[in-house]
Amino acid sequence: MSLSRTHLLFMGGSLLLLVGLWRVDASPTRIWEGLGKLGWLVALMWPPTPGAYLQDLLLALAETVAMAFLGTLLAAAIALPICFLGAGNVVGNALLRFTVRRSYDGLRGIDSLVWALIFVSAVGMGPFAGILALAVPDIGLLAKVFSEAIEGAERRQVEGVRASGGSRLQAIRFGLIPQAAPVMLSQILYTFESNTRSATILGVVGAGGIGLALGDRIRLNDWDEAAFIILLILVTVAAIDWASRRIRLRLIRA
Amino acid sequence: MSLTVTTVAARWRQETAARRRRGLGWVALFAAATLVAAKLGEVDLARLMEGLPRAGDYIHRTIPVLRWDSLGADLAEWMWGFDIWAEMLLDTVLIAYTGTVLGGTAALLLSFPAAVTFAPSWAVSVSRRVLEFARTVPTLVFALIFVYAFGLGPFAGVLAIALHTMGALGKLFAEVHENADPRSVEAVRAAGGSWAEGMRFGVLPQSLPGVLSFGLLRLEINVREASVLGLVGAGGIGEELYLAVRQFEYPDISAIIVLILLTVAVIDQLCARLRHRILGAEALRVA
């Protein structure tokens, strides 16, 4: 019985895959021709070269990291005060908490590239739109994990502060935050890592950073320069990951 | 006695001062980084204060007019393109599914040579480098390249998602395999099985629940990714969204975004339920 159900599931999955392949028009000739063209592109990409723009590219890269940094900072600054609204041990009202948490999910459900498209159209092209686009979904993410960190905190320390005459605000400051801070900081660093990855492509829709240069090179068929930019992105992402992982490990141990 | 107390107190003051100094150092470093980033990102407080209301105004304009007494008609007007959008959303989900299955299959094949406990070290380092590359290049960059090679349309999107998924899942799958009990592989080998048979009958049955669960998690992520591929012409609902933003069709923007959110939420729920069933079945088997 259970075997036949597994088989049915497997067959259904394979059928759906075939429907998908048919729907996206993946004919063998198309794949073959595309692969040929792809091989030709890869040949064009070698050797990767910065052309005459090494300085511009490095500046654009710095702008990308700056966007990620400020986007994370903005998101954390907004998420910190509003996260208490979603924490069960701060806000008792279940309906309010539910609404707040669903709105966090809503902010997270839309990719930062969509926000970038919207903010470019709202505040103009440039890194500022990118910063806002990175910050918006992160507000949802950070507010959610912050409120979970606060919910996971020990109750007794808060009670201790209250019992020795502290106000509600002081209870949050001295009872909750010291417990939740390491988790929060490490989550912020993690967000910064992921934002560095996202920030590299926001430029494709005009929101600043290295993505703008990459999109341009691909549109203009400068494949060797495009390959150089991709390598630059890989190195930067790896470096940021490495640095952030080290800091996170130190935070957790402390 | 009093001597000890004074020493302890002095030591405590010393430590506190040192901690304060370290804290101040971090704060200074952080402030410097913020200033440099603000300079590079062309942002200052004035610009932020000026820009935020503009962004708010834009979002305000996308909010549709919905009145209680004519709610049906208003909703119908807001969702005028529902039929087209629903079809494109289905396409988006299909792109995500096809890409996840293709990428997951490739990831599964590559994950066995990438598992430290079962593969020779040269195979591990080669397959890990390949996976690392595929996972570090953003999906959208692959999409840009594939749109050029395979032409506009969802096929490029499927390939881009598949390649990135291969990198992301391959690493996770390899880690699941590494946690598998090596004795069952030894048994298969002792009975005359080849290395591939050892992987298929010794490792895969142990790691299948983990593999499926990670695959479903990735499907959730890929539905989100597939919704933006249209911005570079790689199919899905993103194309409609791009048009709506470019033509300043404000209510359309919010309509499409709400539909994307609903789709993402439905897929998340579905995947979460499937994942619980898989992991639940696993727990039963162990017990």
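Fair warning: this is a prediction, and the values are worked out from it, not measured in the lab. Labels below follow one simple rule: chain letters A, B, ... track the order of the sequence lines, proteins then strands, and each chain is numbered from 1.
Nearest approach of B/Pro154 to A/Val24, heavy atoms of both residues: CB-CG1, 3.7 Å. The two residues B/Leu241 and A/Leu117 have their closest heavy-atom pair at O-CD2, 4.4 Å. Taking every heavy atom of both residues into account, B/Asp91 and A/Arg23 meet most closely at OD1-NE, 2.6 Å. Counting all heavy atoms, side chain and backbone alike, B/Phe150 lies closest to A/Leu35 at CE2-N, 3.7 Å. Nearest approach of A/Ala122 to B/Ala55, heavy atoms of both residues: CB-CA, 4.2 Å. Taking both residues in full, the closest heavy atoms of B/Ile145 and A/Met45 are given as CD1-CE, 3.9 Å, listed atom of the first, atom of the second, then distance.
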Derivation and outcome, side chain to side chain contact (heavy atoms under 4.5 Å, CB included), residues B/Thr139 and A/Ile201: CA-CA 9 Å; B/Thr139 311; A/Ile201 51 161; over 6 Å; no
Derivation of the ring-ring contact (aromatic ring centres under 6.0 Å, His included) call for B/Tyr148 and A/Trp40: CA-CA 11 Å; B/Tyr148 199 85; A/Trp40 180 69; 7.5 Å; no
Verdict with supporting geometry, A/Leu21 and B/Leu102, side chain to side chain contact (heavy atoms under 4.5 Å, CB included): CA-CA 10 Å; A/Leu21 286 174; B/Leu102 290 180; 4.2 Å; yes
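If you measure heavy-atom distances from B/Phe146 to chain A, the contacts under 4.5 Å come from the side chain alone. Residue contact with chain A, scored on non-hydrogen atoms closer than 4.5 Å, involves the side chain of B/Arg246 exclusively. Residue contact with chain A, scored on non-hydrogen atoms closer than 4.5 Å, involves the side chain of B/Leu140 exclusively. Proximity to chain A involves both the backbone and the side chain of B/Val137, based on heavy atoms less than 4.5 angstrom apart. Contact of B/Ala33 with chain A is made through backbone and side chain together, with heavy-atom distances under 4.5 Å. For a residue to count as touching a neighbouring chain, one of its non-hydrogen atoms must lie under 4.5 Å from one of that chain's; by this rule A/Leu38 touches chain B with backbone and side chain alike. For A/Leu113, the parts lying near chain B are the backbone and the side chain together; criterion is any non-hydrogen pair under 4.5 Å. For B/Val258, no part sits under 4.5 Å from any heavy atom of chain A, backbone or side chain. With a 4.5 Å cut-off on non-hydrogen atoms, B/Leu231 touches chain A through its side chain but not through its backbone. Heavy atoms closer than 4.5 Å to chain A are found nowhere in B/Leu159, neither backbone nor side chain.
No side-chain heavy atom of B/Val245 sits under 4.5 Å from any side-chain heavy atom of A/Val114. Within the 4.5 Å cutoff, the side chain of A/Leu73 has heavy atoms near those of the B/Phe30 side chain. By the 4.5 Å heavy-atom criterion applied to side chains, A/Leu16 and B/Leu94 are counted as neighbours. For the pair B/Val141 and A/Thr200, the minimum side-chain heavy-atom distance is 4.5 Å or more.
Surrounding CZ of B/Arg273 are at most 12 heavy atoms belonging to other residues, nucleotides or ligands under 6.0 Å away. The number of heavy-atom neighbours closer than 6.0 Å to OH of B/Tyr250, taken from other residues, nucleotides and ligands shown, is above 12.
With respect to chain B, the highest number of heavy-atom pairs below 4.5 Å among A/Ser121, A/Gly13, A/Gly36, A/Ala226 belongs to A/Ser121.
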